[in-house]
Each structure stands twice: as C-alpha cells, then as structure tokens.
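Index from 1, following the sequence. If you're wondering where the values come from, they're calculated on a predicted model, not measured in any experiment. Just the heavy atoms: all of them, side chains too, but no hydrogens, waters or symmetry mates, feed the values below.
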Amino acid sequence: VLEVALRWPGIHTAYHNFSNKWNLPVYFQIRFREVAGSLEAALTDGLEDAPAGSPYCLLASHRTWISLGKCWSDEMFLPLLAHRLWRLTLQILARFSVFVSELSVRPVSNESAKETKKPLTGSKDPSEDQGSHASEASAASISSTQLVYVVSDLGRLQEWLPDLLETVKQKLEMIGFKNFSSISAALEDSQSALSAHVPALSSRIVQDLSESCFSYLKSALEVPRLYRRTNKEVPSTASSYVDSALKPLYQLQSGHGDKVQPAVMQSWLQEA
C-alpha cells in the first residue's frame with residue numbers, strides 16, 4: 001500500500017484520510033466491551049464447570065485467564081494502547097477478586113442430605129412462595145466441592161501470573177518501557193489480594209467437613225448400650241460409625257487431592 005501511495009499522490013491522500021479516521025479510543029472501547037462482556041457473563045454463571053480440557057475447574061476462572069491473555073495477544077495488542085491494556089489487566093484481576101469474595105460468604109449447601117418439604121394441603125400461594133424461596137436459597141448457596149474448586153483455581157491463577165508478567169514485559173519493551181519494577185509491584189498486589197481469600201475459603205471447607213464427620217459420631221452414644229450387661233466379646237474391629245465418620249475425609253482427599261497443593265489438603269484434614 002505504501003509503494004502505491006508513493007507512486008500515486010491521489011491514493012496517498014486517500015490513504016492518509018483513512019489513517020486519520022483510525023480512532024484508537026473507539027477501538028479500545030470496542031475491545032473492552034468484548035472482553036468485559038464475556039467475562040461478566042462467565043462470572044454470572046460463576047459456578048458452572050470450565051470447558052473440557054481447561055486447567056481450571058470453574059468457568060469464571062477459565063474466562064478470567066482467557067481475558068488476561070487476550071489483552072496481550074497479537075490480535076488485540078497495539079503499542080499505543082499499552083497503558084489502557086495494563087489497566088484493563090488489573091481491572092480483570094480485581095473483578096475476579098470481588099467475585100471470589102462474594103462466593104466466600106455464600107452459605108454452604110449440604111451435598112449429602114437434601115431435604116424437600118411437602119406443602120400444606122389447600123395452601124397454594126404459601127407453597128409457591130416456599131418453592132420460590134427454596135430455589136433462591138439453592139441458587140445463592142455453594143457446595144463444599146465448589147469451594148475446593150475456587151481454592152484450586154486461585155492457586156492455578158497465581159501460579160501462572162508470572163508467565164503473564166513476562167508476556168507483558170515483552171510487549172512493553174516494544175515501546176521502550178523500562179520501569180518494570182512498578183509493573184511487578186502492581187501484579188504482586190493483585191496476587192496478594194487473591195491469596196487473602198484462601199484462609200476464609202479453607203475455614204468454610206474445614207467447617208463443612210467437620211460437620212459431615214461429626215454427624216456420624218453421635219452413634220458412639222449407642223456403644224455402652226450394646227455391651228452393658230451382655231456377654232459379647234470385646235470387639236476386634238472398629239464400629240461402623242467410625243468408618244462412616246472418616247469417610248468424608250477420605251472422599252475429600254481421593255476426589256480432590258490432585259486439585260490443590262498437598263500441604264493445603266493436609267491442613268484441611270488435620271484441622272477437621
């Protein structure tokens with residue numbers, strides 16, 4: 001195009017007119033809505049599973065990482081928009097942090113026992129209200145398995161943030177930017193904000209795990225009655241309630257041991 005523009009002045013003028021119409025702020029707003037809209041849609045359905053093959057457990061986490069990578073991809077990045085894309089990167093991380101904080105205060109649903117109450121005969125309106133409230137409560141709750149998924153995704157995202165930083169540095173070097181210490185510090189702040197959610201999430205997991213185990217321990221009250229004033233032999237194996245009480249611990253470790261760091265899993269089991 002430049003060769004043609006140099007040979008024919010008319011085309012050269014048309015080329016400049018077209019170039020002047022290229023509006024970077026408008027281009028960024030289009031891209032911003034594209035990224036932010038996709039991310040918000042995923043956060044709305046935040047407890048949906050990530051697509052098959054994703055290293056993340058939840059759709060929200062998967063979409064967050066995709067959005068971060070898109071900001072610095074060749075198909076979107078422009079050197080003159082580096083400052084705006086960096087701000088968008090921090091906004092994406094902040095938005096995901098808010099999303100996790102909202103999940104951490106949701107009531108934990110009981111996965112093992114789901115009770116359904118039958119409506120009273122002849123009271124249609126109250127039963128409809130009860131059904132509505134039940135569905136709303138279900139939508140606002142989170143399971144212990146999903147809490148594990150959130151902790152897992154937080155760990156995976158933090159693990160990959162250094163790779164994102166290297167990509168950002170490569171792009172910023174194109175425009176002669178050298179103050180990488182400020183970039184690193186900002187990303188570390190975002191990483192610290194994400195890490196701050198883990199203790200609260202872990203506490204909820206331990207609490208739910210403990211309650212699941214404790215519900216079976218009530219059977220220990222029956223042991224004296226089974227052996228008092230009887231000629232039964234001393235038992236050689238554990239009572240069935242012991243195995244049941246330990247089952248939630250085993251299920252957590254066997255079902256999700258590969259999703260979190262061994263030290264994290266061990267701390268959950270020990271605390272429970």
Side-chain angles (χ1 to χ4, degrees), residues 23-78 80-109 132-133 135-165 167-168 171 183 186-198 200-201 204 259:
N23 193 320
L24 287 177
V26 172
Y27 167 78
F28 176 77
Q29 285 301 319
I30 294 174
R31 289 298 199 174
F32 176 86
R33 288 194 294 268
E34 178 184 322
V35 173
S38 176
L39 178 60
E40 279 299 326
L43 295 180
T44 301
D45 301 327
L47 295 179
E48 295 290 330
D49 291 340
S54 172
Y56 291 94
C57 300
L58 298 176
L59 175 64
S61 311
H62 171 80
R63 179 53 57 186
T64 297
W65 179 251
I66 294 297
S67 299
L68 291 170
K70 191 168 186 177
C71 290
W72 304 95
S73 64
D74 292 337
E75 66 178 28
M76 181 171 174
F77 176 79
L78 290 176
L80 293 178
L81 293 177
H83 62 295
R84 293 175 183 260
L85 293 172
W86 174 242
R87 182 174 61 184
L88 177 57
T89 298
L90 298 180
Q91 288 174 330
I92 291 172
L93 291 172
R95 179 65 185 90
F96 184 70
S97 180
V98 171
F99 165 76
V100 173
S101 67
E102 293 172 348
L103 292 182
S104 64
V105 298
R106 287 190 181 186
V108 180
S109 61
S132 176
H133 292 320
S135 62
E136 291 176 3
S138 176
S141 63
I142 185 172
S143 69
S144 56
T145 296
Q146 290 168 333
L147 285 173
V148 173
Y149 287 170
V150 175
V151 174
S152 173
D153 286 354
L154 279 173
R156 184 62 55 86
L157 181 59
Q158 293 177 79
E159 179 184 347
W160 287 3
L161 283 181
D163 294 337
L164 176 66
L165 179 61
T167 301
V168 173
K171 295 294 186 180
I183 297 295
L187 203 59
E188 287 175 3
D189 289 343
S190 298
Q191 191 169 1
S192 298
L194 295 174
S195 300
H197 297 299
V198 176
L201 293 169
R204 302 290 299 281
K259 295 182 177 64

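The backbone N or O of Pro55 lies less than 3.5 Å from a partner atom in the side chain of Arg156, making a donor-acceptor pair. Within the 3.5 Å criterion, the main-chain N or O of Arg63 finds a donor-acceptor partner in the side chain of Ser67. No donor-acceptor pair closer than 3.5 Å links the side chain of Ser38 to the backbone N or O of Glu34. Asp153 places a side-chain N or O within donor-acceptor distance of the main-chain N or O of Cys57, the cut-off being under 3.5 Å. In this structure, the side chain of Arg204 engages the main chain of Arg106 through a donor-acceptor pair within 3.5 Å. With Gln158 contributing its side chain and Leu154 its backbone, the two residues share a donor-acceptor pair below 3.5 Å.
Considering all non-hydrogen atoms of both residues, Val108 and Ser144 come closest at CG1-N, 3.9 Å. The nearest pair of heavy atoms linking Lys259 to Ser152 is O-OG, 2.7 Å. For the residue pair Gln91 and Phe32, the shortest heavy atom distance occurs at OE1-CE1, 3.8 Å. Taking both residues in full, the closest heavy atoms of Ser109 and Ser141 are given as CB-OG, 3.7 Å, listed atom of the first, atom of the second, then distance.
By the 4.5 Å heavy-atom criterion applied to side chains, Arg31 and Leu88 are not counted as neighbours. Contact check for Thr64 versus Phe99: no side-chain heavy atoms found under the 4.5 Å cut-off. Contact annotation: the side chain of Thr89 never approaches that of Val168 to less than 4.5 Å [non-hydrogen atoms, C-beta and beyond]. Residues Cys71 and Ile92 meet the side-chain proximity criterion, which asks for heavy atoms closer than 4.5 Å. For the pair Asp74/Lys171, a side-chain contact is recorded, criterion being any heavy-atom separation below 4.5 Å from C-beta on. Here the side chains of Val150 and His197 are not in contact, with every heavy-atom distance at 4.5 Å or above. At a threshold of 4.5 Å between non-hydrogen side-chain atoms, the residues Leu157 and Ser61 do not count as touching. For the pair Phe96/Leu93, no side-chain contact is recorded, criterion being any heavy-atom separation below 4.5 Å from C-beta on.
Trp86 contributes atom CH2, which lies 4.5 Å from atom CD1 of Ile183 (distance to the nearest 0.5 angstrom). Distance check, rounded to the nearest 0.5 Å: CG of Leu81 to CZ of Phe28 gives 7.0 Å.
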Leu47 and Leu103: CA distance, side-chain angles, deciding distance, side-chain contact (heavy atoms from CB on, under 4.5 Å) verdict: CA-CA 9 Å; Leu47 295 179; Leu103 292 182; 4.1 Å; yes
task: Evaluate the criterion side-chain contact (heavy atoms from CB on, under 4.5 Å) for residue pair Gln146 and Asp49; output intermediate values, then yes/no.
output: CA-CA 9 Å; Gln146 290 168 333; Asp49 291 340; over 6 Å; no
task: Just do the side-chain contact (heavy atoms from CB on, under 4.5 Å) check on Leu24 and Arg84 with the steps written out, would you?
output: CA-CA 11 Å; Leu24 287 177; Arg84 293 175 183 260; over 6 Å; no
message: One pair to check against side-chain contact (heavy atoms from CB on, under 4.5 Å): Trp160 and Leu68. What are the steps and the verdict?
response: CA-CA 11 Å; Trp160 287 3; Leu68 291 170; over 6 Å; no
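Ring geometry for Trp65 against Tyr56 counts as tilted: the plane angle lies between 30° and 60°, on a 0 to 90° scale.
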